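Just so you know, ligand 1 is whichever comes first in the structure, and atom 1 is the first atom listed for that ligand. Just so it is clear, the structure is predicted and the values come from calculations on it, not from any experiment.
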Amino acid sequence: MLDIQNISKTFNPGTVNEKTALNGLTLHLNEGDFVTVIGGNGAGKSTMLNAVAGVWPVDNGRITIDGTDVTRLSEYQRAKYIGRVFQDPMTGTAATMQIEENLALAARRGKPRTLRIGITKKEREEYRELLKTLDLGLESRLTARVGLLSGGQRQALTLLMATMNRPKLLLLDEHTAALDPKTASKVLTLSAKLVAENNLTTLMITHNMKDAIKYGNRLIMMHEGRIIYDVSGEEKKKLHVSDLLAKFQTASGDEFANDRMILS
Ligand SMILES: Nc1ncnc2c1ncn2[C@@H]1O[C@H](COP(=O)(O)OP(=O)(O)OP(=O)(O)O)[C@@H](O)[C@H]1O
Ligand SMILES: [Mg+2]
């Protein structure tokens, strides 16, 4: 479903701020793979997701999504394949618009525009059913402005919007990091449910080592713009946080350093 072949990205080349963030990275994901991504600060995790989403072109290498070479496509052209959720609950939704307007925008993303702007009764019913699955009571607040929702509610809505068109790829970048632990756990459970129900191929960056082990069928560890450890299936399930830290030290010769790292 996703094939990343030997991609590299150097920011600000030829200046004092030159930084190679991706350094010959190769990764192949099968359909339905749910991969957690860990690594220290500046390892290139977010940069990898940005490369896949097409935020800027990579310097070399190739990116293929479901058989389509997207390497030269713009972010906008790739958007129809990709759902994304970021750390900041404010970024994924439009605060001044109603819940149902946000859902309508997401539903129509990547589809031919119609002249009709209104939301039909049938669409409203669909949104109500979708919102019910969140179990947050939002189904009775369709016309409430999104700016009134809590961070967790907004992030849950963003997840729903990112997955409702069954994207070929779901990219989650520490999407629960700004939430309190209880809400974060709820949103993570919801994420796993949406991924499973829609069999979504997913990359989820997390700084929570336990979550990285608990969720998904595969885990990758990044360091200096490359993948230094890749584990899946039964072997992944058996991992402990201490194994991950040991693996990191062996593979990188460094201490694992992430200022937001959560070990338990
Ligand atoms: N747009 C950019 N311009 C310049 N440098 C960048 C840009 N994006 C990322 N970098 C640099 O590339 C390196 C990798 O950054 P990236 O954000 O991918 O790290 P990360 O693994 O997501 O780290 P964190 O855990 O802190 O989020 C860092 O040194 C960062 O400063
Ligand atoms: Mg990051």
Side-chain angles (χ1 to χ4, degrees), residues 2 4-27 29 34-61 63 71 74-76 78 82-92 151 155 158-159 162 169-179 181 184 187-188 191 202-213 215-216 218-231 241 244-245 247-249 251-264:
L2 173 66
I4 302 177
Q5 280 298 331
N6 196 28
I7 59 167
S8 297
K9 180 72 185 177
T10 299
F11 293 107
N12 310 310
T15 74
V16 286
N17 293 319
E18 178 170 310
K19 172 74 205 178
T20 298
L22 295 176
N23 194 358
L25 182 130
T26 292
L27 175 68
L29 302 193
F34 180 0
V35 183
T36 56
V37 183
I38 59 169
N41 292 123
K45 305 179 296 295
S46 298
T47 303
M48 173 173 73
L49 263 52
N50 286 334
V52 171
V55 174
W56 23 250
V58 290
D59 300 335
N60 47 57
I63 301 171
T71 317
S74 68
E75 182 171 20
Y76 171 74
R78 295 184 206 188
I82 296 171
R84 287 194 90 171
V85 186
F86 297 92
Q87 181 172 337
D88 184 352
M90 303 304 142
T91 53
Q155 214 56 339
T158 307
L159 265 174
L169 284 177
L170 178 63
L171 306 178
L172 308 171
D173 192 347
E174 304 203 22
H175 70 305
T176 62
L179 307 173
V187 172
L188 263 182
S191 311
T202 303
L203 281 167
M204 179 175 91
I205 301 174
T206 177
H207 58 259
N208 186 314
M209 298 292 133
K210 278 205 164 159
D211 288 339
I213 295 169
Y215 292 96
R218 185 170 166 194
L219 176 152
I220 59 177
M221 185 185 283
M222 287 186 68
H223 181 62
E224 293 180 350
R226 281 204 197 97
I227 293 165
I228 56 167
Y229 181 53
D230 185 342
V231 60
V241 170
L244 288 181
L245 298 180
K247 286 280 178 204
F248 185 84
Q249 275 174 20
S252 71
D254 260 334
E255 285 284 318
F256 197 114
N258 186 313
D259 53 15
R260 280 161 292 146
M261 180 159 65
I262 298 175
L263 297 172
S264 56

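From the protein, the heavy atom lying nearest to atom 20 (P) of ligand 1 is K45 NZ, 3.5 Å. Closest to atom 31 (O) of ligand 1 among all protein heavy atoms lies K19 CG, 4.9 Å. The protein heavy-atom contact nearest to atom 18 (O) of ligand 1 is T47 OG1, 2.5 Å. Closest to atom 1 (N) of ligand 1, if we only count protein heavy atoms, is F11 CE2, 3.5 Å. For atom 27 (O) of ligand 1, the nearest non-hydrogen atom of the protein is R260 NH2, 3.4 Å.
When V35, I7, I220 are each tested for a side chain to side chain contact (heavy atoms under 4.5 Å, CB included) with L27, only one passes: I220.
When the options N41, V37, N17 are ranked by their closest heavy atom to atom 26 (O) of ligand 1, first place goes to N41. The option from G42, A177, A21, S46 that lies nearest to atom 28 (C) of ligand 1, judged by heavy atoms, is G42.
A salt bridge links R218 and D230; the closest N-O separation between the charged side-chain nitrogens and carboxylate oxygens is under 4.0 Å.
For W56, no nitrogen or oxygen atom sits less than 3.5 Å from a nitrogen or oxygen atom of ligand 1, counting backbone and side chain alike.
The shortest heavy-atom distance from G39 to ligand 1 is not under 4.0 Å. Proximity of G225 to ligand 1 is not established, as no heavy-atom distance is less than 4.0 Å.
Smallest separation of non-hydrogen atoms from N23 and E224: CB-O, 3.8 Å.
More than 12 non-hydrogen atoms from other residues, nucleotides or ligands lie less than 6.0 angstrom from CD of E18.
For N41, every N, O or S atom stays at 2.8 Å or more from the Mg ion (ligand 2).
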